[in-house]
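Take a look at the structure below.
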Amino acid sequence: MCIVTGIYALIRRVPAASVAMLAMAIPVCMALSLGIVGATIAPTTANAATPQVTGVRVGVYPAKTRIVLDVDSSVTFKSFVLQQPYRVVLDMSEVTWSPKLRNPPKGGLVTGMRFGLFRPGSSRVVLDSTGPVRVAKAFIIPPSGKYRSYRLVVDIAKTSRQAFLMSYKRPDRKPEIKATSRPASVPVPFKRPPARPDEKKLIVIDPGHGGVDPGAMSRSGVWEKHIVLAFARELRQSLLATGKFRVRLTRDRDVFIRLRDRIAIARRAGADLFISVHADSIGNSRVRGTSVYTLSERASDKEAGALARKENKSDLIAGVDLDDQSNDVVNILIDLAQRETMNESAVFARKLVDELGKTRKLLRNTHRFAGFAVLKAPDIPSVLVELGYLSNRSDEKMLRNPRQRKRMAAAMSAAVKRYFERQQALNRP
Ligand SMILES: [Zn+2]
């Protein structure tokens with residue numbers, strides 16, 4: 001008997017035989033697991049006291065789809081729904097995810113699933129749904145009988161769009177920010193700290209994705225979020241070794257960060273340069289090479305535009321309600337103050353292309369432009385580097401190899417050095 005059916009019998013206290021019939025009628029019961037990482041790229045190790053999710057299943061029934069999480073100790077949780085696209089979000093106290101979990105399950109009303117840390121102290125599951133749904137029931141069952149784990153059970157059922165809209169409450173709704181005639185680049189109340197001439201330049205490295213937003217998956221099942229964090233740490237090491245820079249990472253663990261918060265972290269810290277690192281995956285497994293992107297309202301080519309749209313979906317993938325941030329994330333509008341920064345970004349991008357070209361294969365037209373939300377800091381030169389394609393065997397191998405990552409980080413570090421040397425030369429009286 002499908003284990004979900006077993007739970008169903010337990011909960012409903014109905015005869016197991018009738019439940020078994022139900023199970024025969026809908027024989028869908030899927031075990032799952034989640035991205036595991038290669039030997040060289042380990043996820044942040046768990047604190048022993050943090051509850052661990054050891055299993056996730058989806059059970060399909062005539063009137064509902066049931067999602068069950070096995071957790072080794074109790075958690076608190078809440079659920080809510082989102083639209084555009086329709087999703088169900090389950091937030092719970094911080095948990096870790098068993099390394100056994102791979103390829104999250106789907107079925108019934110659930111067309112996709114992601115899970116991970118949403119913010120320190122809070123983990124999240126995001127379920128993509130076939131259409132408007134409601135959370136019919138959500139509860140925890142303590143261990144009993146053969147079940148040694150706590151089971152967090154969520155039943156979702158179809159609903160009409162009208163009923164969905166009636167019940168739809170926006171979560172974490174902040175007070176409305178009045179629209180101004182000028183679109184805000186980033187709604188940042190933080191003032192950039194004044195630069196001290198004697199201070200080392202601050203480089204902020206932004207490893208893409210994280211937590212509930214895993215990014216792309218490599219051919220062998222490694223998530224982009226782990227690969228780019230490993231690379232960011234390597235780059236930090238390389239920059240610090242020059243003795244010329246201070247370095248900060250937007251995230252140094254497997255946690256989700258909103259796109260606008262990545263910019264805010266850099267601005268608040270007074271960054272002099274912002275480098276976002278990613279590693280995309282595409283349908284054509286033959287395409288390989290590094291590419292460098294800077295901000296532009298109009299994309300330099302079709303691929304760059306598509307890539308920006310994909311990377312800009314990060315918040316949506318993590319179950320963030322985008323209704324409040326249509327100005328700064330969905331639409332990329334560039335204001336005048338940003339032009340100078342964009343020129344500087346392009347100068348740095350060219351230095352990167354030069355240096356990276358000495359060590360590895362580059363994508364043709366290596367420096368490209370598109371509307372990347374994460375590059376929108378109005379006063380910090382910003383670039384996004386797609387280190388390579390996780391869909392390509394050689395690129396994946398390269399990115400999972402610490403020695404090769406080190407070489408690439410050294411090349412990027414050399415570009416950073418050259419960029420600031422040029423700036424210094426220009427500023428000399
Ligand atoms: Zn990415």
Side-chain angles (χ1 to χ4, degrees), residues 2-14 18-19 22-23 25-30 32 53 55-71 74-93 95 104-116 118-119 122-142 150-174 212-213 256 313 315-326:
C2 162
I3 196 156
V4 175
T5 320
I7 296 165
Y8 185 77
L10 191 80
I11 299 156
R12 306 292 300 174
R13 297 187 192 290
V14 294
S18 62
V19 179
L22 189 66
I26 313 105
V28 188
C29 197
M30 286 153 274
L32 87 104
V53 177
V56 182
R57 298 177 295 281
V58 171
V60 182
Y61 299 87
K64 70 184 179 198
T65 297
R66 168 162 287 185
I67 298 94
V68 181
L69 271 68
D70 297 320
V71 197
S74 192
V75 292
T76 55
F77 72 95
K78 65 171 187 193
S79 61
F80 56 89
V81 289
L82 288 171
Q83 59 167 344
Q84 290 178 332
Y86 292 113
R87 285 156 292 164
V88 178
V89 177
L90 184 63
D91 275 344
M92 64 196 100
S93 38
V95 295
K106 47 191 171 185
L109 300 170
V110 176
T111 57
M113 184 191 293
R114 298 168 288 286
F115 36 82
F118 183 64
R119 65 168 75 94
S122 173
S123 290
R124 172 170 283 192
V125 180
V126 182
L127 308 166
D128 301 319
S129 61
T130 49
V133 292
R134 64 190 173 86
V135 176
K137 270 185 200 150
F139 49 89
I140 285 202
I141 316 167
Y150 286 80
R151 278 152 292 154
L152 201 170
V153 182
V154 179
D155 286 343
I156 60 173
K158 246 188 204 160
T159 187
S160 66
R161 172 155 173 81
Q162 205 171 16
F164 176 91
L165 290 176
M166 298 272 286
S167 69
Y168 169 62
K169 283 193 205 77
R170 305 245 302 265
D172 309 329
R173 181 94 195 246
K174 297 202 182 84
V212 68
D213 165 27
F256 169 74
K313 276 191 183 150
D315 289 358
L316 193 131
I317 281 166
V320 171
D321 195 343
L322 290 187
D323 289 9
D324 286 342
Q325 36 180 302
S326 50

Is the backbone N or O of Thr76 less than 3.5 Å from a side-chain atom of Ser93, with the two atoms forming a donor-acceptor pair by type? yes

Measuring from atom OG of Ser79 to atom CG of Leu127, what distance do you get when rounded to the nearest 0.5 angstrom? 9.5 Å

Ion pair Arg66/Asp155, N-O distance below 4.0 Å: yes

Point-to-point distance, once rounded to the nearest 0.5 Å, from OG1 of Thr65 to CD1 of Ile156: 5.5 Å

For Tyr86, side chain to side chain donor-acceptor pair (under 3.5 Å) partners two or more places apart: Arg161

If the threshold is 4.0 Å, N to carboxylate O, is there a salt bridge linking Lys106 and Asp128? no

Without swapping roles, check the side chain of Arg87 against the backbone of Leu316 for a donor-acceptor pair under 3.5 Å. yes

Go through the steps for Val89 and Val81 under the test side chain to side chain contact (heavy atoms under 4.5 Å, CB included), then give the verdict. CA-CA 6 Å; Val89 177; Val81 289; over 6 Å; no

Between Ala157 and Ala136, which heavy-atom pair has the shortest distance, and what is it? CB-CB, 4.4 Å

For Val153 and Ile140: C-alpha separation, side-chain torsions, deciding distance, then whether side chain to side chain contact (heavy atoms under 4.5 Å, CB included) applies. CA-CA 6 Å; Val153 182; Ile140 285 202; over 6 Å; no

List the residues meeting side chain to side chain contact (heavy atoms under 4.5 Å, CB included) with Thr159, not counting sequence neighbours, and say none if there are none. Pro132, Arg134, Ala163, Phe164

Could you report the tightest heavy-atom contact between Ala138 and Val135, atom names first, then the distance? CB-CG1, 4.1 Å

Audit row: Phe80, Asp91, side chain to side chain contact (heavy atoms under 4.5 Å, CB included) steps and yes/no: CA-CA 8 Å; Phe80 56 89; Asp91 275 344; 3.6 Å; yes

With distance as the sole test, does Ser129 use its side chain to make a donor-acceptor pair with the main-chain N or O of Leu109 at under 3.5 Å? no

Heavy-atom side-chain proximity of Ile317 to Arg114 below 4.5 angstrom: yes

Least distance between heavy atoms, Val58 atom then Pro105 atom: CG2-CG, 3.8 Å

Under the side chain to side chain contact (heavy atoms under 4.5 Å, CB included) rule, what do Phe115 and Val56 come out as? Steps first, then yes or no, please. CA-CA 10 Å; Phe115 36 82; Val56 182; 4.3 Å; yes

Quick check for you: to the nearest 0.5 Å, what is the distance between Ile67 atom CD1 and Arg57 atom CZ? 11.5 Å

Value for CG (Asp213) from CZ (Phe256), rounded to nearest 0.5 Å, stands at 6.5 Å

Nearest 0.5 Å please: distance from the CG atom of Leu69 over to the CZ atom of Arg151. 12.5 Å

When rounded to the nearest 0.5 angstrom, what distance separates CG in Leu152 from CZ in Phe77? 5.0 Å

